[in-house]
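The chain is numbered in sequence order, starting from 1.
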Amino acid sequence: MSGNGFYSRKTVDVTEVHSNIDQRIIQITEDKLTLILNEHLSNIEMKNSWMAPLGILATLLVVFATTDFKTAFFSADTWQAIFIISTILTVVWLIKSLYRLYQSESISTVLAKIKQEDC
């Protein structure tokens, strides 16, 4: 950099040029594309659905580690049974969410649907 705040001009020798300008055109109607993209959007939203059951499960596990169930409206055994059932249901929910995360579509699958190729 020269003293007045400007860069001095340099030249670079170009030894090789790579070209990646081939194009493919996909023709599709707007309604078909909208359906495919809406389906993909719901799949993307389901990818993050594992966070809620994991957070609830962590909370329920902390409850079991720190709570001495007492009688309030129901007996202590009833409260404990409610929390055990809630924990089991939350584990099932988490497993289902993780399965959906594993089964989610990739971009190449969405492109194959747009191109009407076998997925």
Side-chain angles (χ1 to χ4, degrees):
M1 189 160 128
S2 64
N4 60 358
F6 294 101
Y7 288 100
S8 59
R9 191 167 241 173
K10 301 277 184 188
T11 59
V12 176
D13 294 332
V14 177
T15 58
E16 191 173 352
V17 175
H18 296 274
S19 180
N20 186 9
I21 57 173
D22 294 339
Q23 294 291 316
R24 294 182 184 164
I25 296 175
I26 303 170
Q27 290 181 330
I28 187 169
T29 60
E30 182 178 351
D31 60 329
K32 288 181 183 178
L33 183 60
T34 301
L35 288 172
I36 292 169
L37 292 178
N38 279 334
E39 180 183 335
H40 184 64
L41 180 62
S42 67
N43 288 336
I44 289 173
E45 290 170 352
M46 286 192 308
K47 276 185 166 184
N48 296 327
S49 66
W50 61 270
M51 290 184 244
L54 183 64
I56 294 170
L57 180 62
T59 303
L60 289 170
L61 293 176
V62 168
V63 165
F64 279 114
T66 60
T67 301
D68 219 5
F69 291 100
K70 303 214 188 284
T71 301
F73 299 111
F74 301 113
S75 69
D77 291 336
T78 304
W79 281 115
Q80 189 172 11
I82 289 171
F83 275 87
I84 289 172
I85 291 169
S86 298
T87 302
I88 292 169
L89 291 174
T90 304
V91 167
V92 170
W93 180 20
L94 178 61
I95 291 170
K96 185 178 174 183
S97 297
L98 290 174
Y99 178 75
R100 274 191 256 145
L101 174 66
Y102 177 73
Q103 294 294 323
S104 62
E105 295 179 337
S106 66
I107 293 295
S108 59
T109 306
V110 174
L111 278 176
K113 282 183 180 181
I114 292 172
K115 294 177 187 178
Q116 294 183 338
E117 294 176 350
D118 293 332
C119 300

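Contact detail for Ile21 and Ser19: the closest heavy-atom pair is CG1-OG, 3.4 Å. Of all the heavy atoms in Ser86 and Thr90, the pair that sits closest is O-OG1, 2.7 Å.
Following chains of ILVMFWY side-chain contacts shorter than 4.5 Å, one can reach Trp93 starting from Val63, so the two form part of one hydrophobic cluster. Transitive grouping of hydrophobic side chains (ILVMFWY, heavy atoms separated by less than 4.5 Å) keeps Leu98 and Ile88 in distinct clusters. No path of Ile, Leu, Val, Met, Phe, Trp and Tyr side chains, each step under 4.5 Å between heavy atoms, connects Ile56 with Leu61, placing them in separate hydrophobic clusters. Residues Ile84 and Val92 are members of separate hydrophobic clusters, defined by side-chain heavy-atom contacts under 4.5 angstrom among Ile, Leu, Val, Met, Phe, Trp and Tyr. Note on Leu57: it does not cluster hydrophobically with Leu89, by side-chain heavy-atom contacts below 4.5 Å among ILVMFWY residues.
With a 6.0 Å radius and a threshold of 12 heavy atoms from other residues, nucleotides or ligands, Tyr99 has its OH atom at or below the threshold.
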With a cut-off of 3.5 Å and sequence neighbours excluded, list every side-chain donor-acceptor pair involving residues 27-54.
{"from": "Thr29", "atom 1": "OG1", "to": "Asp31", "atom 2": "OD1", "distance (Å)": "2.6"}
{"from": "Thr34", "atom 1": "OG1", "to": "Glu30", "atom 2": "O", "distance (Å)": "2.7"}
{"from": "Asn38", "atom 1": "ND2", "to": "Thr34", "atom 2": "O", "distance (Å)": "3.3"}
{"from": "Glu39", "atom 1": "OE2", "to": "Lys113", "atom 2": "NZ", "distance (Å)": "2.6"}
{"from": "Ser42", "atom 1": "OG", "to": "Glu39", "atom 2": "O", "distance (Å)": "2.7"}
{"from": "Asn43", "atom 1": "ND2", "to": "Glu39", "atom 2": "O", "distance (Å)": "3.4"}
{"from": "Asn43", "atom 1": "ND2", "to": "Glu105", "atom 2": "OE1", "distance (Å)": "3.3"}
{"from": "Ser49", "atom 1": "OG", "to": "Met46", "atom 2": "O", "distance (Å)": "2.7"}
{"from": "Trp50", "atom 1": "NE1", "to": "Lys47", "atom 2": "O", "distance (Å)": "3.3"}

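By the 30° and 60° cut-offs, the orientation of the rings of Phe83 relative to Phe69 is tilted.
Here the CG-OG1 distance, from Leu60 to Thr67, works out to 10.0 Å after rounding to the nearest 0.5 Å.
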